[in-house]
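For clarity, every value in this text was computed on a predicted model and none was experimentally measured. Chain naming here is simple, since letters A, B, ... match the order of the sequence lines and numbering starts at 1 in each.
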Number of protein chains: 2
Amino acid sequence: MALPKSPLPTSIASQQHDHTQCIATAMTQAQEICTHNGARLTRLREQVLRLIWQSHKPLGAYALMDMLAQESTRRVAPPTVYRALEFLLEQGLIHRINTLNAYIGCTHPSAHHANNFLICEHCGVAIEFSTQSLQDNINQTARDLGFSIKAQSIELVGCCDRCEASRHD
Amino acid sequence: MALPKSPLPTSIASQQHDHTQCIATAMTQAQEICTHNGARLTRLREQVLRLIWQSHKPLGAYALMDMLAQESTRRVAPPTVYRALEFLLEQGLIHRINTLNAYIGCTHPSAHHANNFLICEHCGVAIEFSTQSLQDNINQTARDLGFSIKAQSIELVGCCDRCEASRHD
DNA sequence: AAAATTTATGTTATTATATAACATAATCTT
DNA sequence: AAGATTATGTTATATAATAACATAAATTTT
């Protein structure tokens, strides 16, 4: 069974786009991937993923916890959200942004891919990116230094073009 | 006034080397850089930097706090160590490893440079690296995506060649 | 379908990491 | 020496994450 191709472009996150469609696609893909992996996308896990996908801004675990609590009127404790996050990370449906202690939806969860982000300090948006030449370069560098990579985290913090433009208005 | 050139090689951290010399060089450079910057490398800051340089393994703030307490028999509170770390980060004398919440000495503090590390899961050593082609690639990617970089963090977690070799002994 | 097993979630407590706010001390400037 | 600045001490608290055990739901076995 082949995995679905991601229809989500890489760098659209900070631009005007149909975010309802964005969420819908992400949720559909998530379901497909979980089915493919024999994993259970439970109500709680689906709910957390949907909350993460409300924006392209990484969200902290405690922010998600509060949002969960609001949606359900019952009390939600940290392990509840952390376990959901752990599951979503394992399935490759979200990424953890280390510089922010925060979590964001993966824009191409079906591909085996790196964990590379542009993070705008001003609007808070994190844009996932990946180019073959960068990955080749990383892999070659590791090889040259005798290092085998298990996990990769590239986080570039700065200012996206939209914010740059609006600051000069 | 020109800054001193770094005599520390990039990828020697996990190899056999004269670590006493390593520390000595780091401390001398630190003093020079602080003088150059008109910053005060106080006793406490110097002590923290020296502790960080005891190994090439990133150390957490609370581990450093315990080491400080041991050296001085007086109680040491978190802000003491965090303020020293903040200073050392500002001066470019150490880096923060985001995937580990830990801090490590910078091997070429006098150069304007990126924050790129190979982190071995097995021995705990973090090796700073930087190649022009990788940096060019990063910069070009950011330019293509309309993003201006303020801070860069590349952390590759995996296994270094020494550990790889010793696991097959 | 009931029992056994596995997986997921709830719950309480605790650990780990980091900062705020204010007091005191040391250093620098004049 | 007085005043200003910078650094450190001190107490309290914020923020992020996990451990340990109980309950509930789903899946598998019989």
- Would you please confirm or rule out a distance under 4.0 Å between OP1 or OP2 of D:dG9 and any side-chain N or O of B:Thr80? yes

- Item | Distance, rounded to the nearest Å, where A:Leu100 contributes CG and D:dT15 contributes P | 15 Å

- Task: Mind calculating the distance between CZ (B:Arg75) and C1' (D:dA12) to the nearest angstrom?
- Result: 11 Å

- Query: Any side-chain heavy atom of A:Arg45 within less than 4.5 Å of one from A:Arg83?
  - Reply: no

- Item | 5' precedence on DNA chain C between A:Ala77 and A:Phe87 (nearest-nucleotide basis) | A:Phe87

- Query: Between D:dA7 atom C1' and B:Leu85 atom CG, what is the distance in whole Å?
  - Reply: 15 Å

- Is a side-chain donor or acceptor of B:Thr80 paired with a backbone partner of B:Val76 at a separation under 3.5 angstrom? no

- When rounded to whole Å, the CG to P distance for the pair A:Leu88 and C:dT9 reads 10 Å

- Do the side chains of A:Leu64 and A:Ile104 join up, straight or via other hydrophobic residues, at under 4.5 Å, putting them in one cluster? no

- Query: When you check the side-chain N and O atoms of A:Gln140 and A:Arg143, is any donor under 3.5 Å from an acceptor?
  - Reply: yes

- Item | Nearest-nucleotide pick for A:Tyr82, side chain only, options being D:dA16, C:dT17, C:dG10 | D:dA16

- Query: Is A:Arg45 touching bases, backbone alone, or none of the nucleic acid, heavy atoms closer than 4.0 Å?
  - Reply: sugar-phosphate

- Message: I'd like to know if A:Tyr62 reaches the base of D:dA16 with its side chain, counting only an N/O donor and acceptor under 3.5 Å.
- Response: yes

- Query: Between A:Thr42 and C:dT9, is there a side-chain N or O to OP1/OP2 distance below 4.0 Å?
  - Reply: yes

- Task: State whether a side-chain donor-acceptor pair under 3.5 Å links B:Glu155 with A:Asn98.
- Result: no

- Message: Nearest to the side chain of B:Leu44, heavy atoms from C-beta on, is which of D:dT8, C:dT12, C:dT19?
- Response: D:dT8

- A:Arg83 side chain: which of D:dG9, D:dC21, C:dT19 is closest? D:dC21

- Message: Looking at D:dA26, I'd like to know if its phosphate oxygens (OP1 or OP2) sit under 4.0 Å from a side-chain N or O belonging to A:Arg40.
- Response: no

- Item | B:Met65 CE - D:dT8 C1' separation (whole Å) | 15 Å

- B:Arg74 side-chain N/O to D:dG9 phosphate OP1/OP2 under 4.0 Å: yes

- Message: Tell me the interatomic distance from B:Asn98, atom CG, to C:dT17, atom C1', rounded to whole angstroms.
- Response: 13 Å

